[in-house]
There are 2 protein chains.
Amino acid sequence: MSNTYKILIVDDEKDLCEILQFNLASEGFEIEVAYSGEEALNKSLDRFDLLLLDVMMGGMSGFKLADKIRKELNLSVPIIFLTARETENDMLTGFNVGADDYLSKPFSIRELVARIKAVLRRGKNVEVKPKVITIDSMELDLNRKSVTIENEAVLLTRKEFEILTMLILHKGKYLSRQEILDRIWSDDVIVTERNVDVNIARLRKKIGAYGSCIKGRSGYGYCFEN
Amino acid sequence: MSNTYKILIVDDEKDLCEILQFNLASEGFEIEVAYSGEEALNKSLDRFDLLLLDVMMGGMSGFKLADKIRKELNLSVPIIFLTARETENDMLTGFNVGADDYLSKPFSIRELVARIKAVLRRGKNVEVKPKVITIDSMELDLNRKSVTIENEAVLLTRKEFEILTMLILHKGKYLSRQEILDRIWSDDVIVTERNVDVNIARLRKKIGAYGSCIKGRSGYGYCFEN
DNA sequence: CAGGCTTGTTACAGTATTATTACAAAACGA
DNA sequence: TCGTTTTGTAATAATACTGTAACAAGCCTG
């Protein structure tokens, strides 16, 4: 396999680390090891495709480490937890800090490998969104949330901007009113689907000629297509 | 609370189904149940956000079902397996057919819910893999619900699209009017079987030369065959 | 090959869905 | 706070979709 996956093992049991390292390496993975959470944080963690974290470690626990990785480093690298503890609460904590899987010791190497592969397979399709989208003479800046057409600013409201962005990110696909509501309106607000229509109408008017790129189709919803 | 995820439970233990249905429904999920793999295949499975499959079932096993779903229907909907069996080999079979998680009975509802949420959360960032069916110069995009012939868009209504999809997914098999009604019309609406004929006629007209691939046979129903 | 049954097609009407407008409520900023 | 902007609702007209009925054409079966 040309691009080998890099996996970081964080566990303070050196024996187990060695076993894992040997076995996973022979599966074709590229392995690095850290013997504590602190040591792990000293590495540039964004290099790895997957982290295997022991929950029970001297010093920082695996959960704590995962939390830092998610919240402070803001990384979305997949994480699998290893733990000797079997209680349900641990499970839940694990998933709450964004674990991708969870294995209780003792586990078989084959099972671990299977789960690693499952997690890596999932991750393959994630797509990095561009921050600026250009469509002919129309530009959306997702960071600044601004739109220009022929370099002229077009002032869209928040909802209008988000709908336009969503349609464009799914260019060519019809999105139902419900899907649009789900994504753009906060969960606790209850509004009618007609709202989507109204906002689409406003949007169409504001973006001039591009308005006709937003197609509406009975039973399907809306779609951007140019 | 717009975001209801639709989950299909496939298990032949009715009691368990009921318990799961009740508990998951009260978590805000929208639940459907099938008591066998065969019954599950009669549903349009692309409607669901997640499948919970029992491994051990009378008739088709959960693994077999998953395999069909992945390979024949070409769906990438997340799957979680439920099983009483704990052997490692089962685990591995599960992951090989593209399972997203695996739970051994008995499991706690809370754990199941946590795992469901983990799987659904993951799915958010994953770009849906295109589900496109190509038949000579005709292309059906099941995600976009669009049809093109020689790269020209063919605008089908929902019913027309669904009928065409259903026929093509069961290419070579005659589907009775009743089967088509059951699958495509919602349960509470009562309509005559003649409706199927009418929609088939419209469909045939819209898809031009491919119209003649939809064969009708007295007493059998309709079948797509090219 | 005739009669009854099933199927294909068309036209029409009822229903559902969508676009647009105007106005009111809510949120926002100075 | 007040005035402005944004957002939601309701009403309406326009459009699209779907079901029914009617009839023609096909197909079984005796």
Side-chain angles (χ1 to χ4, degrees), chain A residues 145-147 153-167 174-208 210-225, chain B residues 2 145-147 153-167 174-225:
Chain A
K145 307 204 178 304
S146 66
V147 180
V154 176
L155 298 181
L156 299 184
T157 69
R158 222 187 147 62
K159 292 266 184 304
E160 288 158 5
F161 180 80
E162 289 182 0
I163 291 177
L164 180 59
T165 304
M166 181 172 176
L167 288 176
Y174 277 87
L175 301 173
S176 72
R177 288 169 174 71
Q178 192 57 56
E179 285 175 304
I180 294 171
L181 278 183
D182 285 352
R183 177 85 60 101
I184 293 178
W185 272 259
S186 65
D187 290 349
D188 48 349
V189 178
I190 298 169
V191 292
T192 44
E193 293 193 348
R194 304 276 111 245
N195 259 300
V196 178
D197 303 46
V198 175
N199 279 285
I200 290 273
R202 289 168 179 155
L203 184 50
R204 279 180 173 147
K205 201 180 287 180
K206 286 194 187 177
I207 61 177
Y210 289 97
S212 58
C213 297
I214 301 179
K215 325 276 189 201
R217 201 131 99 64
S218 194
Y220 288 94
Y222 294 100
C223 159
F224 190 97
E225 203 154 39
Chain B
S2 29
K145 304 197 182 312
S146 67
V147 179
V154 177
L155 297 182
L156 301 183
T157 69
R158 276 200 92 76
K159 292 260 173 349
E160 289 157 6
F161 181 81
E162 288 179 7
I163 292 177
L164 180 58
T165 304
M166 181 172 175
L167 288 176
Y174 276 89
L175 302 173
S176 73
R177 287 168 176 71
Q178 193 56 53
E179 284 175 305
I180 294 172
L181 277 185
D182 286 349
R183 172 92 60 103
I184 293 179
W185 271 259
S186 65
D187 292 346
D188 48 348
V189 178
I190 298 168
V191 293
T192 35
E193 293 194 348
R194 309 311 319 289
N195 263 301
V196 177
D197 303 49
V198 175
N199 278 285
I200 290 274
R202 289 169 179 153
L203 184 51
R204 278 178 172 149
K205 197 183 287 179
K206 285 194 186 178
I207 61 177
Y210 289 95
S212 57
C213 297
I214 301 179
K215 324 278 189 201
R217 196 150 155 241
S218 198
Y220 288 92
Y222 294 99
C223 159
F224 190 98
E225 203 154 38

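Every chain is numbered from 1, with letters handed out A, B, ... down the list of sequences.
L156(B) CG to I207(B) CD1: the interatomic distance, rounded to the nearest 0.5 Å, is 7.5 Å. Atoms CG and OG1, from L181(A) and T192(A) in turn, are 8.0 Å apart once rounded to the nearest 0.5 Å. Interatomic distance, F224(A) CZ to M166(A) CE, rounded to the nearest 0.5 Å: 14.5 Å.
Taking atom CG of L181(A) as the reference point, atom C1' of dT9(D) lies 14 Å away to the nearest angstrom. Rounded to whole angstrom, the span from the CG atom of L156(A) across to the P atom of dT6(D) amounts to 10 Å. As a whole-Å value, the separation of L203(B) CG from dC17(D) P is 14 Å. For the pair R158(B) CZ and dA16(C) C1', the interatomic distance rounds to 14 Å; values are reported in whole Å. Nucleotide dT9(C) holds its P atom 10 Å from the CD1 atom of I200(B), rounded to whole Å. Following rounding to the nearest Å, I184(B) (CD1) and dT18(D) (C1') show an atom-to-atom distance of 14 Å. If you measure from atom CD of E160(B) to atom P of dA16(D), you get 14 Å, rounded to the nearest angstrom. Across the protein-nucleic acid pair, N199(B) atom CG and dT10(C) atom P stand 14 Å apart, rounded to whole Å.
Against DNA chain C, the stretch residues 214-222 of chain A makes heavy-atom approaches under 4.0 Å through G216(A), R217(A), S218(A), G219(A), Y222(A).
For the helix from dC1(C)-dG30(D) to dA30(C)-dT1(D), the axis fitted to the five pairs at one end and the axis fitted to the five pairs at the other end meet at an angle of 40° (nearest 10 degrees).
Residues satisfying the side-chain contact (heavy atoms from CB on, under 4.5 Å) test with S146(B), not counting sequence neighbours, are D141(B), R144(B). Remark: E179(B) engages no residue in a salt bridge (Lys or Arg N to Asp or Glu O under 4.0 Å) (not counting sequence neighbours). Take Y210(B) and apply the side-chain hydrogen bond (donor to acceptor under 3.5 Å, both in side chains) test, not counting sequence neighbours, and it matches S137(B). Partners of R158(B) by side-chain hydrogen bond (donor to acceptor under 3.5 Å, both in side chains), not counting sequence neighbours: none found.
When the side-chain nitrogen and oxygen atoms of W185(B) are compared with OP1 and OP2 of dT18(D), none of them lie within a distance under 4.0 Å. The phosphate of dG8(C) has OP1 or OP2 within less than 4.0 Å of a side-chain N or O from R177(B). A close approach under 4.0 Å does not occur between any side-chain nitrogen or oxygen of K205(A) and OP1 or OP2 of dA19(C).
The salt bridge (charged side-chain N to carboxylate O under 4.0 Å, His left out) analysis of residues 190-199 of chain B, with sequence neighbours excluded, yields the pairs R177(B)-D197(B), R194(B)-D197(B). Within the structure, every pair that satisfies the salt bridge (charged side-chain N to carboxylate O under 4.0 Å, His left out) test and touches residues 202-225 of chain B, not counting sequence neighbours, is listed here: E160(B)-K206(B).
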Would you list the protein and nucleotides 20-22 of chain D atom pairs, both N or O, that sit under 3.5 Å from each other?
unit_1, atom_1, unit_2, atom_2, d
dT20(D), OP2, T192(B), N, 3.4
dT20(D), OP2, T192(B), OG1, 2.7
dT20(D), OP2, N195(B), ND2, 2.9

Pairwise N/O distances under 3.5 Å, protein to nucleotides 25-28 of chain C:
none

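Residues F161(B) and Y220(A) come closest through the heavy atom pair CB-OH, 3.5 Å. Of all heavy-atom pairs spanning I214(A) and L167(A), the tightest one is CG2-CD1, 3.9 Å.
Considering only the side chain of D197(A), dA19(C) comes nearest among dA19(C), dG19(D), dT7(C).
Put simply, the residue from L164(B), V198(B), T157(B) that forms a side chain to side chain contact (heavy atoms under 4.5 Å, CB included) with L203(B) is L164(B). The side chain to side chain contact (heavy atoms under 4.5 Å, CB included) test with I180(B) is passed by exactly one of N195(B), N199(B), I163(B): I163(B).
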Checking E162(B) against T165(B) for the side chain to side chain contact (heavy atoms under 4.5 Å, CB included) test, could you report, in this order, the C-alpha distance in whole Å, the side-chain angles of both residues, the deciding distance, and whether it holds? CA-CA 5 Å; E162(B) 288 179 7; T165(B) 304; 5.6 Å; no
